[in-house]
Structure formats: structure tokens, C-alpha cells
K.L.:
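Can you keep this structure in mind? I'll have questions shortly.
Keep in mind it's a predicted model, so treat the numbers as computed, not measured.
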Amino acid sequence: EVQLQASGGGLVQAGESLRLSCAASGFTFDDYAIGWLRQAPGKEREGVSCFSRRDGDTWYSDSAKGRFTISSDNAKSTVYLQMNSLKPEDTAVYYCAAIRNGWVTDICYDPSRHLVDYWGQGTQVTVSS
């Protein structure tokens, strides 16, 4: 079965760190664009960080720059989002998504994200002040 499994969320205090994981089963990330998105209550889903194997491009939202780092372990078919210096406004459900032969814009910019092939189930991140 082809799927993405997101994990690593939790409840932390402001200033602390979390590392989210997105594990792929049934496929590898070799030809994919992979991204992390988040959705806070009452808000639209937004891109946090994405990268594309197609051109090597990596993108971070303004809120993520300098605090979050996206990385991958090809041997484990897993993509990570290291989140440092967390803030209460980072509280959201975080999703990973993948598009075969996709671009960063397809995941992190396109509000419809209609090209996404696979979604992870979401993992809750709650940051208390």
C-alpha cells in the first residue's frame, strides 16, 4: 500500500523544539516534490517548507525561515521537519504531501494543491506560551 505516515507532533512550550517525520511506504522520494503544510483552526492550509527532487529547490515560508529545517533520509524514505524556537502561532495540524515529478510551487504555493499524489494523515503540534 502506498502511503505517507506523519508523526512527531506533540505539546511543547514556546522556545522548545520538535522534529516531525514523514515516512513513505510503497514508494521512494527519488522523483518527488515533498512538503510540509499546516492548518491552524479557522485558517487555510499553508505551506511551511517544501523541496523538489526535480530541480533541487527548497522553500521555506517567512515564518519558518531561520527556525525550521527540512531534510530527508533516502535510505529510510523519510522526510523530516526540524522545528526550533517554536512559537504559539506555530500551533496547527501539520501535514506532509508528495507529488511525483512535482515542483515546490505545486505543494507550497498552490492553494488547491490539486496535483498532490499523497497526503500524510496530519500530526498535531501545540505550542503553549
Side-chain angles (χ1 to χ4, degrees):
E1 182 181 3
V2 177
Q3 64 178 356
L4 292 176
Q5 183 73 30
S7 62
L11 172 62
V12 297
Q13 294 186 334
E16 294 184 339
S17 300
L18 279 174
R19 188 177 77 160
L20 307 183
S21 299
C22 177
S25 58
F27 72 102
T28 65
F29 291 138
D30 291 349
D31 300 318
Y32 282 78
I34 310 295
W36 286 97
L37 303 101
R38 69 186 183 186
Q39 188 165 18
K43 295 187 177 181
E44 294 186 351
R45 195 169 296 188
E46 63 176 0
V48 176
S49 181
C50 296
F51 74 85
S52 171
R53 295 269 187 217
R54 193 167 181 175
D55 61 357
D57 189 23
T58 302
W59 179 90
Y60 293 94
S61 67
D62 287 342
S63 63
K65 286 178 184 175
R67 299 188 299 129
F68 295 1
T69 303
I70 192 169
S71 63
S72 65
D73 184 333
N74 293 338
K76 296 181 179 180
S77 294
T78 300
V79 173
Y80 303 98
L81 184 68
Q82 178 67 42
M83 306 188 295
N84 298 328
S85 303
L86 283 162
K87 304 175 182 180
E89 51 263 43
D90 295 317
T91 295
V93 178
Y94 284 70
Y95 300 88
C96 57
I99 300 177
R100 187 172 184 181
N101 292 324
W103 306 98
V104 161
T105 53
D106 295 334
I107 298 181
C108 272
Y109 289 179
D110 181 4
S112 72
R113 296 174 179 102
H114 66 285
L115 295 176
V116 170
D117 292 310
Y118 307 113
W119 284 99
Q121 83 283 11
T123 184
Q124 175 71 47
V125 172
T126 303
V127 184
S128 63
S129 57

K.L.:
When rounded to the nearest 0.5 angstrom, what distance separates OG in S63 from NZ in K87?
P.N.:
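The distance works out to 8.0 Å.
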K.L.:
Donor-acceptor pair, E1 side chain versus G26 backbone, under 3.5 Å?
P.N.:
no
K.L.:
Does any part of the side chain of R67, heavy atoms only, come nearer than 4.5 Å to the side chain of M83, both counted from C-beta?
P.N.:
no
K.L.:
In Å and rounded to the nearest 0.5 Å, what is the CG to CD1 distance from D31 to I99?
P.N.:
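Rounded to the nearest 0.5 Å, the CG-CD1 separation comes to 13.5 Å.
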K.L.:
Is there a side-chain contact between S72 and I34 in this structure, where contact means two heavy atoms from C-beta onward sitting under 4.5 Å apart?
P.N.:
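The answer is no; the side chains never approach within 4.5 Å.
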K.L.:
Nearest 0.5 angstrom please: C96 SG to Q121 CD, how far?
P.N.:
7.0 Å
K.L.:
Looking at CD of Q82 and CD1 of I70, how far apart are the two atoms once the value is rounded to the nearest 0.5 Å?
P.N.:
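It is 12.0 Å, given to the nearest 0.5 Å.
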K.L.:
Check D62 with K65, please: is the shortest side-chain N to carboxylate O separation under 4.0 Å?
P.N.:
yes
K.L.:
Taking side chain to side chain donor-acceptor pair (under 3.5 Å) as the definition, give me every residue that meets it alongside E89, ordered by chain and number, with sequence neighbours left out.
P.N.:
none
K.L.:
Looking only at non-hydrogen atoms, find the nearest pair between L18 and G8 and report the distance.
P.N.:
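The answer is CD2-O, 3.7 Å.
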K.L.:
What distance separates D106 CG from R100 CZ, expressed to the nearest 0.5 Å?
P.N.:
14.5 Å
K.L.:
Between OG of S49 and CG of L37, what distance do you get to the nearest 0.5 Å?
P.N.:
9.5 Å
K.L.:
Are any of the side-chain heavy atoms of L115 and W103 separated by less than 4.5 Å?
P.N.:
no
K.L.:
Once side chain to side chain donor-acceptor pair (under 3.5 Å) is applied, do any residues pair with S71, and if so which ones, sequence neighbours excluded?
P.N.:
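Result, side chain to side chain donor-acceptor pair (under 3.5 Å) vs S71: none returned.
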K.L.:
Taking only distance into account, with no hydrogens and no angle test, what donor-acceptor pairs under 3.5 Å do side-chain atoms of residues 122-129 form with protein atoms, sequence neighbours excluded?
P.N.:
residue	atom	partner	partner atom	Å
T123	OG1	G9	N	3.0
Q124	NE2	A92	O	3.4
Q124	NE2	T126	OG1	3.3
S128	OG	V12	O	3.4

K.L.:
What pairs of residues pass the ring pair (Phe, Tyr, Trp, His ring centres under 6.0 Å) test when at least one of them lies in residues 9-28, not counting sequence neighbours?
P.N.:
F27-F29, F27-Y32, F27-Y118
K.L.:
Could you list all the salt bridge (charged side-chain N to carboxylate O under 4.0 Å, His left out) pairs where at least one residue sits in residues 44-60, not counting sequence neighbours?
P.N.:
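Of all non-adjacent pairs touching residues 44-60, those that pass salt bridge (charged side-chain N to carboxylate O under 4.0 Å, His left out) are R38-E46.
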K.L.:
Using side-chain heavy atoms (C-beta onward) and a distance below 4.5 Å, is E16 in contact with L86?
P.N.:
no
K.L.:
Only pairs at least two apart or in different chains count here, so list each ring pair (Phe, Tyr, Trp, His ring centres under 6.0 Å) that has a residue in residues 47-95.
P.N.:
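As it turns out, the ring pair (Phe, Tyr, Trp, His ring centres under 6.0 Å) pairs with a partner in residues 47-95, which skip direct neighbours, are W59-Y109.
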